[in-house]
Visitor: 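Questions regarding the structure given below will be posed in turn.
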Amino acid sequence: MAKLKIEDLDRIAEEARSKMTIREGAGKARITVHMGTCGIAAGARAIMSAFLDEIKAHNIKDVIITTSGCAGLCSREPMATVEFGNQAPVKYVDLTDEKARKIFKEHVLGGKFVMEYALSVGSERIR
Amino acid sequence: MEDLSLHILDIVENSVSAGAKNVEIVVSENRPRDLLRIEISDDGKGMNPAAVAHATDPFYTTRTTRKVGLGLALLEEAAKMANGSMDIHSVPGIGTKVIAIFQHSNIDRKPLGDMAATIVMLVAGSPDVEFTYRYEHDGYTFTFQTKEIRAQLRGLEMNSPDTLSFIREYITEHTVSLS
């Protein structure tokens with residue numbers, strides 16, 4: 001197969017536009033992968049690649065994936081934040097490739113957050 | 001950091017935090033001269049000589065700038081481990097250039113790693129910044145520019161999944177068989 005050329009992007013852009021109009025109105029989700037020095041060293045890039053893989057495998061057009069800096073919880077990296085529709089953002093910690101894929105299927109696609117990987121549930125307590 | 005592409009990702013994040021609008025990454029592998037060289041130049045806000053002097057000190061950080069953290073210290077350590085060195089040239093208001101050299105054949109030289117994934121991550125995080133990635137390998141040169149991609153987008157967003165997949169495949173196809 002011939003190598004990709006920059007011009008091939010024309011065709012991809014055209015295809016993407018036609019699909020986008022079909023899905024218009026569907027709830028958008030946003031995934032933010034935390035990527036300070038701590039996140040990168042802990043494997044944030046592999047988490048990002050896992051999300052991109054899933055987006056491609058499911059042929060999703062209305063999910064935004066982005067990055068942010070250190071969130072101050074370096075020991076819990078890799079971390080990602082998922083915002084689904086108008087729901088409150090959920091921070092996921094200690095991620096692996098498998099966890100990221102599960103979060104993608106259940107939260108990003110299904111809108112149901114994955115409690116066992118979330119940073120915390122409920123409010124903090126004072127002893 | 002497991003490989004050099006992760007160091008590069010980290011250093012370029014510094015550039016972006018420093019307000020760079022253009023970042024150029026050059027990786028050259030020259031086996032006849034037994035050298036691997038990484039050069040990262042940006043047009044961010046730059047650092048004054050005092051900040052440059054402290055840039056590789058892991059215990060020095062100015063929270064207000066966020067420009068300097070562990071990243072440069074880790075890259076310098078990686079270079080020194082492989083019989084190499086790191087240099088920083090910076091002019092306030094003009095930009096910063098980081099050059100790291102490694103002995104190519106050194107057993108402690110980390111592998112280059114997945115540069116396509118690094119570039120994709122940078123574009124996803126900073127879709128408005130223009131990135132150039134040049135890869136030189138014993139005389140072969142491959143250049144990737146987000147500027148070229150942008151010109152072909154025709155309404156597609158720079159950080160859309162389709163664009164990012166394209167960039168990933170494009171860079172991989174043009175570089176992977178070389179190293």
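Numbered from 1 within each chain, the chains take letters A, B, ... in sequence-line order. Reckoned from all heavy atoms, side chains included, excluding hydrogens, waters and symmetry mates. Every value quoted in this text rests on a predicted model; they were computed, and no experiment measured them.
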Visitor: Answer yes if B:M158 and B:I171 sit in the same cluster of Ile, Leu, Val, Met, Phe, Trp and Tyr residues linked by side chain heavy atoms under 4.5 Å apart, and no otherwise.
Guide: yes
Visitor: Quick check on B:S165 against chain A: is it the side chain, the backbone, both or neither that has a heavy atom closer than 4.5 Å?
Guide: side chain
Visitor: Using 0.5 Å steps for rounding, measure from the CE atom of A:M35 to the CG atom of B:L122.
Guide: 6.0 Å
Visitor: Side chain, backbone, both or neither: which part of B:L164 has a heavy atom under 4.5 Å from chain A?
Guide: side chain
Visitor: Specify the closest pair of heavy atoms between A:I40 and B:M1, including all atoms of both residues, with the distance to one decimal.
Guide: CG2-SD, 3.6 Å
Visitor: Which atoms of A:A44 are under 4.5 Å from chain B, going by heavy atoms: the side chain, the backbone, both sets, or neither?
Guide: both
Visitor: Which region of A:I65, side chain (C-beta onward) or backbone (N, CA, C, O), has a non-hydrogen atom less than 4.5 Å from a non-hydrogen atom of chain B, or is it both or neither?
Guide: both
Visitor: Which one, B:D114, B:V120, B:V16, B:T163, leads in non-hydrogen pairs under 4.5 Å with chain A?
Guide: B:D114
Visitor: Spell out, yes or no, whether B:I25 and B:I101 are grouped together once hydrophobic residues are joined by side-chain heavy atoms under 4.5 Å, including indirect joins.
Guide: no
Visitor: Quick check for you: to the nearest 0.5 Å, what is the distance between B:E13 atom CD and A:S68 atom OG?
Guide: 9.0 Å
Visitor: Looking at side-chain heavy atoms only, is the closest gap between B:M121 and A:S49 below 4.5 Å?
Guide: no
Visitor: Is it true that B:E169 and A:K56 have a side-chain N and a carboxylate O under 4.0 angstrom from each other?
Guide: yes
Visitor: Quick one: what part of B:Q152 sits under 4.5 Å from any heavy atom of chain A, side chain, backbone, both or neither?
Guide: both
Visitor: Which atoms of B:I167 come close to chain A, meaning under 4.5 Å heavy atom to heavy atom: side chain ones, backbone ones, both, or neither?
Guide: neither
Visitor: Please classify the contact between A:T66 and chain B as side chain, backbone, both or neither, with a heavy-atom cut-off of under 4.5 Å.
Guide: both
Visitor: Less than 4.5 Å to any heavy atom of chain B: does that hold for the side chain of A:L52, its backbone, both, or neither?
Guide: side chain
Visitor: Quick one: which residues of residues 124-132 of chain B reach chain A at under 4.5 angstrom, heavy atoms only?
Guide: B:A124, B:G125
Visitor: Has B:E2 got more than 12 heavy atoms of other residues, nucleotides or ligands less than 6.0 Å from its CD?
Guide: no
Visitor: Return the CG to CG distance between A:L9 and B:D162, rounded to the nearest 0.5 Å.
Guide: 9.0 Å
Visitor: To check you understand the geometry: which heavy-atom pair defines the closest contact between B:E173 and A:L4, and what is its length?
Guide: OE1-N, 2.6 Å
Visitor: Are A:M115 and A:Y92 connected into the same hydrophobic cluster when the rule is that any two of I, L, V, M, F, W, Y join if their side-chain heavy atoms are below 4.5 Å apart?
Guide: yes
Visitor: About how many Å separate OG1 of A:T37 and CG of B:L70, when rounded to the nearest 0.5 Å?
Guide: 6.0 Å
Visitor: What part of A:V63 gets within 4.5 angstrom of chain B, counting heavy atoms only: side chain, backbone, both, or neither?
Guide: backbone
Visitor: Can you name the nearest heavy-atom pair linking B:F166 to A:I6, along with the distance?
Guide: CZ-CA, 3.9 Å
Visitor: Indicate yes or no: at least one non-hydrogen side-chain atom of A:D8 is less than 4.5 angstrom from one of B:Y170.
Guide: no
Visitor: Is B:E157 close to A:I64 at the side-chain level, that is, under 4.5 Å between some pair of heavy atoms?
Guide: no
Visitor: Can you tell me how far the CG atom of B:D10 sits from the CZ atom of A:R45, to the nearest 0.5 Å?
Guide: 11.5 Å
Visitor: With chain A, which of B:N159, B:T118, B:L74 has the greatest number of heavy-atom pairs at distances under 4.5 Å?
Guide: B:T118
